[in-house]
Amino acid sequence: MVERKQRPDTEEILTAAHQWMLRLEAPDATAKDQSDFERWLAANPRHRDIYDQALTFREALVRMSKDDLESDIAKRSGAERFTALLDALRDGASNVRFQVAGGALATIAVIAVFAVPIFDSPLETEPELALSITEYANAVGETKIIDLNDGTRVTLGAASVMTTRYSDEKRLVELASGTAYFEVMADKDRPFTVKAGNLTATALGTSFDVRRGENTFSVTVAEGSVEVGYPLTLSGNSTSMISRKTVTVGEQVTASLENGLRSITPIDADKVGAWREDRLVYTGETLAEVIFDANRYSTIPIKFAEGSERLKGLRLRGVFRGSDIDRLLMNITQLHPIEIDKSDPSTLLLREKI
C-alpha cells in the first residue's frame, strides 16, 4: 500500500475546524462569531472542504450508540469523542477502532484525513444472481393490487412504476415513480427492502406505504416497524453517510435533498395508504407536491406557469379524491390567490391571480 502523506497545513486547518464547531455550538455564541467563521471559510477553499468533512465525521461519531463503544470512550461527550479522533490523527493513525459488544471490532478508516467515504454508499449492491426480475406499471388514474410470489401483497398507485428483484438472500423492490402500499410476508432469512431514489425502507413483515414525490420521499407505517435510511445531508448536499430511523405504527418520516431525513411525526392510522380508497390526504404539503400527485390522476397535465415559482411553496391541508382532480384544483384556487389558465386544451396552467 502506498502511504499517503498529509499536507503540512492539514492539521492546522483540522484543529481550527474543530475549534469553530465548539465555538459556534456554545450557548454564548454571537453574531460576530458567525461572521468571523464565515470569513475563515472564505479565506481558503480548503477551510470549507475540511470543515465539511470534519462535520460529517463528527455527525457519524455522535450518532454511534454508546453500546458500540468501549466503556472509557462511551463516557465522553460527542465533542470529546471527536477530540480523541483528532488526537489519533495527530499521532498518524490511519484507523480508529472502537470495541463493539460481543468482542467484534468496528473500524472507521481515516486515511489522509477523510480521503475515503466513512460509511457505505447509500445504494446497496444488488444481488448478482436475481432469481426473478419483474416490472409493474400503472397508467394515469389506475390502482392495482399485485400478489408477489413470496406472499407479499402490493397496492400500486396511479402512474406508478416498480421493479421487484428477488434472490435467495434478498427481496428488493425499486419504486421508480409514484406510490405503493406493502403488506409484507414475514421471512426472517430474506429482508424486504424498498428503494425510492436514495431512500431505503427495510422490514421483515409489516405493512407500510412508500411515496416518491417530486422532491420528497415518505414512509408511513400501518403495522410493525420499518428501518428507513437516507443519505445524511449537509448544506443541501448528500454525503456518503446514511442517516437511519426506525418508524413504527402510526408514524411517518419524510426525506429530501434539502433537509435530509426529517424527524418522525405521528399520523392517524386510517390515513396510512388512504389513496387506496381514492382519498388524497394532505397535512401541510407544498403545492409542488400536491400538483405532482394530481398529475398521477389527471388526464390533462397540470403545470405552474412561468414566473409562478412562489406558488409551489404554498401549502395545502385537506382530504380530496383522486378521481375528482377538478374539485382539488377548485379548492386550491379558493384557498390561495391562484387562477387556472385553460386556454390551451392540452395543459392546465396555474398562475398567481392578479
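Just so you know, residue 1 is the first one in the sequence shown, and it goes up from there. FYI, side chains are in, hydrogens and waters are out, and symmetry mates aren't considered; it's all heavy atoms of this structure.
Side-chain contact between K312 and T286: absent, with no pair of heavy atoms (C-beta onward) separated by less than 4.5 Å. Using a 4.5 Å heavy-atom threshold, the side chains of L287 and I332 count as touching. Looking at heavy atoms from C-beta onward, V173 lies out of side-chain contact with T163 at the 4.5 angstrom threshold. Looking only at side-chain heavy atoms (C-beta outward), I13 and W40 come within less than 4.5 Å of each other. For the pair D147/V154, no side-chain contact is recorded, criterion being any heavy-atom separation below 4.5 Å from C-beta on.
Side-chain N or O atoms of H336 include none that pairs as donor or acceptor with a backbone N or O of N331 at under 3.5 Å. One N or O on the side chain of E285 and one on the backbone of T283 form a donor-acceptor pair closer than 3.5 Å. A side-chain donor-acceptor contact under 3.5 Å links S35 to the backbone of K32. The backbone N or O of S167 sits less than 3.5 Å from a side-chain atom of R190, completing a donor-acceptor pair. Side-chain atoms of S256 come within 3.5 Å of backbone N or O of N259 as a donor-acceptor pair. Under a 3.5 Å cut-off, the side chain of S160 and the backbone N or O of T179 do form a donor-acceptor pair. For the pair D324 (side chain) and R327 (backbone), a donor-acceptor distance under 3.5 Å is present. Using a distance-only test at 3.5 Å, with no hydrogens or angles considered, no donor-acceptor pair links the side chain of N198 to the main chain of Y230. Within the 3.5 Å criterion, the main-chain N or O of L349 finds no donor-acceptor partner in the side chain of D341.
A donor atom on one side chain and an acceptor atom on the other are found under 3.5 Å apart for D278 and S323. When only modelled atom types and interatomic distance are considered, D209 and W275 share a side-chain donor-acceptor pair under 3.5 Å. Using modelled atom types, one finds a donor on one side chain and an acceptor on the other under 3.5 Å when comparing T193 with T202.
The salt bridge (Lys or Arg N to Asp or Glu O under 4.0 Å) test applied to E251 returns no partner, not counting sequence neighbours. Every residue was checked against the salt bridge (Lys or Arg N to Asp or Glu O under 4.0 Å) condition with E214, not counting sequence neighbours, and none meets it. Evaluation of the side chain to side chain donor-acceptor pair (under 3.5 Å) rule for E339 yields no partner, not counting sequence neighbours.
Using a 30° and 60° split on the angle between ring planes, Y166 and F192 fall in the perpendicular class, above 60°.
Applying the 6.0 Å contact sphere to NZ of K144 captures more than 12 heavy atoms from other residues, nucleotides or ligands. Residue E38 qualifies as enclosed at atom CD: its count of foreign heavy atoms under 6.0 Å is above 12.
Remark: R212 is not positioned above the aromatic ring of F217, lacking an NZ or CZ atom under 6.0 angstrom from the ring centre and at most 45 degrees off the axis.
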Exercise for the section: Test side-chain hydrogen bond (donor to acceptor under 3.5 Å, both in side chains) on D293 and Y282 and set out the steps. Expected result: CA-CA 11 Å; D293 278 350; Y282 298 109; 2.9 Å; yes

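The nearest pair of heavy atoms linking V253 to K245 is CG2-CD, 4.1 Å.
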